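What you are looking at is a predicted structure, and each value in this text was computed from that prediction instead of being measured. Heavy-atom basis, side chains included; hydrogens, waters and symmetry copies ignored. Count residues from 1 along the sequence.
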Amino acid sequence: MRPELAAIVEEFANAERGERLDYLLDYANDLPELPERYQDGSHETMQQVEECQTPLFLAVELDDDERVRLFFDAPAEAPTTRAFAGILHTGLDGATPQEVLETPLEFAQKMGLNQAVSPLRMRGLSAMLGRIKALVAAATAG
């Protein structure tokens, strides 16, 4: 697992239950704004993660250095979804495609969020990562 994501997993795993919820809010608040090219609200160039309870859209790009760049659009009134997007952004933005593709889908289970977040929401996080991996695989195949 990429060191940045591994550090997040460890941070959550070592925290008390109440602290985990605080950490989630921090990641929700730290999710970067979309760049202008994605701010038109149409989401035509972004992918919706249909498995999420909340409308979540994401885009994956490879920069000139072949690093993965992640962009998320999640509503402010959906802090858990925004937090998951923030975790993935912090942990995987700037990664190599190989680092992203090698990220285990079940990494979130090691975070200790099972008691704080519903299984349905946890599946949403796995779905986000699955969609990111699919988009990275498609971007590197061509």
Side-chain angles (χ1 to χ4, degrees), residues 1-35 37-39 41-142:
M1 191 178 329
R2 185 168 192 243
E4 291 84 347
L5 188 58
I8 295 168
V9 170
E10 185 176 334
E11 172 186 41
F12 276 89
N14 292 331
E16 299 292 324
R17 183 179 177 183
E19 287 178 315
R20 289 180 188 135
L21 294 174
D22 290 338
Y23 291 161
L24 282 174
L25 287 176
D26 289 341
Y27 281 99
N29 293 331
D30 291 343
L31 183 64
E33 292 288 320
L34 286 172
R37 66 186 175 278
Y38 292 117
Q39 288 186 4
S42 69
H43 296 118
E44 289 177 11
T45 57
M46 299 183 85
Q47 298 277 322
Q48 183 172 5
V49 180
E50 310 249 343
E51 298 87 346
C52 288
Q53 288 182 297
T54 303
L56 173 85
F57 295 85
L58 65 88
V60 172
E61 298 176 359
L62 292 180
D63 67 15
D64 293 340
D65 295 326
E66 294 296 309
R67 295 291 180 155
V68 174
R69 296 296 169 201
L70 301 174
F71 306 95
F72 296 92
D73 188 14
E77 60 273 4
T80 303
T81 301
R82 286 184 63 81
F84 289 164
I87 288 167
L88 290 171
H89 186 271
T90 302
L92 296 177
D93 188 65
T96 65
Q98 192 65 30
E99 288 172 323
V100 172
L101 295 173
E102 290 176 353
T103 302
L105 286 175
E106 60 279 351
F107 84 91
Q109 294 170 353
K110 299 176 183 175
M111 297 173 74
L113 292 173
N114 301 12
Q115 295 119 12
V117 178
S118 75
L120 188 58
R121 293 229 183 252
M122 293 301 290
R123 282 193 295 275
L125 175 55
S126 293
M128 283 184 217
L129 177 58
R131 184 65 53 88
I132 291 167
K133 289 174 82 165
L135 291 170
V136 168
T140 57

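Separation of atoms CD1 (Ile132) and CG (Leu70) is listed at 5.0 Å; rounding is to 0.5 Å. Residue Glu99 holds its CD atom at 8.5 Å from CG of Leu92, rounded to the nearest 0.5 Å. Rounding to the nearest 0.5 Å gives a distance of 9.5 Å between CG of Leu5 and OG1 of Thr90. Note: Arg131 CZ to Glu51 CD = 5.5 Å, rounded to the nearest 0.5 Å.
With respect to Lys133 and Glu102, no salt bridge is recorded, no charged nitrogen being found less than 4.0 Å from a carboxylate O.
A 4.5 Å side-chain heavy-atom check between Glu61 and Val68 finds every atom pair outside the cut-off. Counting only heavy atoms from C-beta outward, the side chains of Met128 and Cys52 approach each other to under 4.5 Å. Taking 4.5 Å as the limit, some side-chain heavy atom of Ile8 sits within range of a side-chain heavy atom of Met111. The shortest distance between side-chain heavy atoms of Thr80 and Tyr27 does not fall below 4.5 Å.
Scanning both residues, Gln47 and Leu135, for their nearest heavy atoms gives CG-CD1, 3.7 Å. Here the closest non-hydrogen pair linking Pro75 and Pro55 is CD-O, 3.2 Å. For Met1 against Pro104, the heavy-atom pair with the smallest separation is CE-CG, 4.4 Å.
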For residues 19-26, tabulate all N or O donor-acceptor pairs below 3.5 Å that involve a side-chain atom, not counting sequence neighbours.
| residue | atom | partner | partner atom | Å |
| --- | --- | --- | --- | --- |
| Glu19 | OE1 | Glu16 | N | 2.8 |
| Arg20 | NE | Phe12 | O | 2.8 |
| Arg20 | NE | Ala15 | O | 3.4 |
| Arg20 | NH1 | Gly112 | O | 3.0 |
| Arg20 | NH2 | Ala13 | O | 3.4 |
| Arg20 | NH2 | Ala15 | O | 3.0 |

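Every pair tested for salt bridge (charged side-chain N to carboxylate O under 4.0 Å, His left out) that includes a residue from residues 77-91 fails, sequence neighbours excluded, so the list is empty.
The side chain to side chain donor-acceptor pair (under 3.5 Å) test applied to Glu4 returns Arg2, not counting sequence neighbours.
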### Query
Under the side-chain contact (heavy atoms from CB on, under 4.5 Å) criterion, do Leu34 and Met46 qualify, and how do the steps go?
CA-CA 11 Å; Leu34 286 172; Met46 299 183 85; 3.8 Å; yes
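Using cut-offs of 30° and 60° on the angle between ring planes, the pair Phe71 and Tyr38 is tilted.
Here the side chain of Arg69 pairs no donor or acceptor atom with the backbone of Ala95 at under 3.5 angstrom. Between the Asp73 side chain and the Phe57 main chain, no donor and acceptor come within less than 3.5 Å of each other. Formation of a donor-acceptor pair under 3.5 Å by the Asp65 side chain with backbone atoms of Arg67 is not found in this model.
Considering Ile87, Leu88, Val49 as possible partners of Leu125, the one that fulfils the side-chain contact (heavy atoms from CB on, under 4.5 Å) test is Leu88.
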